There are 2 protein chains.
Amino acid sequence: MAKKGALLPGSAELLVLSLLGEGEMYGYQISEELRRRSDETFVMRAGTLYPILHGLEQQGRVESFEKEGDTPGRPRRYYRITRAGRAALEERRQEWRRLSAAVNAVLGEAFARAPLAEGGRC
Amino acid sequence: MAKKGALLPGSAELLVLSLLGEGEMYGYQISEELRRRSDETFVMRAGTLYPILHGLEQQGRVESFEKEGDTPGRPRRYYRITRAGRAALEERRQEWRRLSAAVNAVLGEAFARAPLAEGGRC
DNA sequence: ACTAATATATAGATAATCTATATAAAAAGC
DNA sequence: GCTTTTTATATAGATTATCTATATATTAGT
């Protein structure tokens with residue numbers, strides 16, 4: 001693993017895109033939501049998150065805008081997934097399924113994931 | 001992901017230890033077995049594998065020996081997991097379960113893995 | 001003879017993630 | 001009133017896992 005990091009290496013962009021796939025969010029909200037949903041397992045710090053968001057924006061996978069006025073405190077920069085971002089998300093999602101299934105296959109563990117399209121009940 | 005790599009980043013040591021947990025093997029055999037079991041998904045090249053094996057040996061998690069005589073061709077260096085290696089394997093295995101479950105939780109996909117110890121039949 | 005497959009090994013490049021640091025405003029505690 | 005914590009965004013630099021490239025050597029197939 002990348003040091004003793006709090007993330008599963010390689011999954012950072014997938015996780016961020018996945019959350020944004022459900023609706024626009026600002027940076028801090030993303031990291032909190034990630035922490036909550038993963039049951040404290042993923043603690044993506046600012047130094048990891050913001051470079052990822054900036055990178056995704058440069059690649060045209062998300063777009064950002066500041067929401068002024070109504071929100072108190074420091075102005076928040078919201079991020080919204082683009083059409084290209086959705087395509088990238090779907091690709092990464094499939095890649096994740098493929099790779100995690102392959103790890104499980106090597107570990108020789110009972111299959112986890114219901115094969116999605118094939119007939120196995122279970 | 002680490003470049004466009006053929007591995008799921010962070011999983012290399014787990015995969016190697018896991019195979020060695022089933023019996024002693026030599027390097028080339030490990031990479032072939034990995035390729036086979038993962039259905040061509042994981043292609044761990046020599047430049048990745050051998051540094052990992054040497055590292056594991058330095059940490060006392062595997063021990064190696066050359067088998068001479070009976071095998072034709074270049075002599076093979078076999079690797080065997082140690083007691084400490086088994087402990088490390090179990091740790092990494094659990095870590096993998098924890099992290100992959102957390103990714104799936106964030107992705108919001110139906111749960112995959114039968115909870116292993118909790119009452120689910122399946 | 002030449003090529004491909006088997007077999008091990010190391011050096012250097014690349015990139016993902018982490019730590020540390022900086023800034024700033026609001027809320028909460030004392 | 002003052003301090004600390006939480007919210008909020010951002011960048012620079014360090015670390016390290018993995019990849020590519022390269023080197024060497026033997027055997028099998030064409």
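Throughout, a chain's letter reflects where its sequence line sits, starting with A, and its residues are numbered from 1. Scope of the values below: all heavy atoms of this structure, side chains included, with no hydrogens, waters or symmetry mates. Note that the structure is a prediction, hence the values are computed from the model and not measured.
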- Query: What's the OH-C1' distance between B:Tyr28 and D:dT27, to the nearest Å?
  - Reply: 12 Å

- Query: OP1, OP2 of D:dA8 versus side-chain N and O of A:Tyr26: anything below 4.0 Å?
  - Reply: yes

- Task: Return the value, rounded to whole Å, for the distance between atom CG of B:Leu49 and atom P of D:dA17.
- Result: 15 Å

- Rounded to whole Å, the CZ-P distance (B:Arg76 to D:dT27) equals 12 Å

- Message: Using a heavy-atom cut-off of 4.0 Å across all strands, would you classify A:Gly27 as base, sugar-phosphate, or nothing?
- Response: sugar-phosphate

- Message: To the nearest 0.5 Å, what is the distance between OG1 on A:Thr41 and CD on B:Glu95?
- Response: 8.5 Å

- B:Arg77 side chain: which of D:dC19, C:dT10, C:dA9 is closest? C:dA9

- Message: Do the side chains of B:Arg77 and B:Glu63 get close enough for a salt bridge, i.e. N-O under 4.0 angstrom?
- Response: no

- Nearest-neighbour nucleotide for the A:Thr48 side chain, C:dC18, D:dA10, C:dA9 considered: C:dC18

- Note on the structure: Rounded to whole Å, the CD-P distance (B:Gln29 to C:dT6) equals 12 Å

- Message: So which atom in B:Ser38 and which in A:Ala102 form the shortest heavy-atom distance, rounded to 0.1 Å?
- Response: CB-CB, 3.9 Å

- Provide the closest heavy-atom pair for A:Tyr50 versus A:Tyr28 in the form atom of the first, atom of the second, distance. OH-N, 3.5 Å

- Taking 4.0 angstrom as the limit, do A:Arg61 and A:Glu91 come out as a salt bridge? no

- Item | Options D:dT18, C:dA9, C:dT17, nucleotide nearest the side-chain atoms of B:Tyr50 | C:dA9

- Query: Starting at CD of A:Gln59 and ending at P of C:dA15, how long is that distance when rounded to a whole Å?
  - Reply: 12 Å

- Does OP1 or OP2 of C:dT19 have a side-chain N or O of A:Arg45 closer than 4.0 Å? yes

- Considering just the side-chain nitrogens and oxygens of B:His54, establish if one lies under 4.0 Å of OP1 or OP2 belonging to C:dT8. no

- Message: How many whole angstroms separate atom CD of B:Glu32 from atom C1' of C:dA7?
- Response: 11 Å

- Output the single nucleotide from C:dT10, D:dA10, C:dA9 whose closest atom is nearest the side chain of A:Ala46. D:dA10

- Task: Calculate the interatomic distance between A:Glu66 atom CD and C:dA24 atom C1'; express it in whole Å.
- Result: 13 Å

- note: B:Leu17, atom CG; D:dA17, atom C1'; distance rounded to Å ~ 15 Å

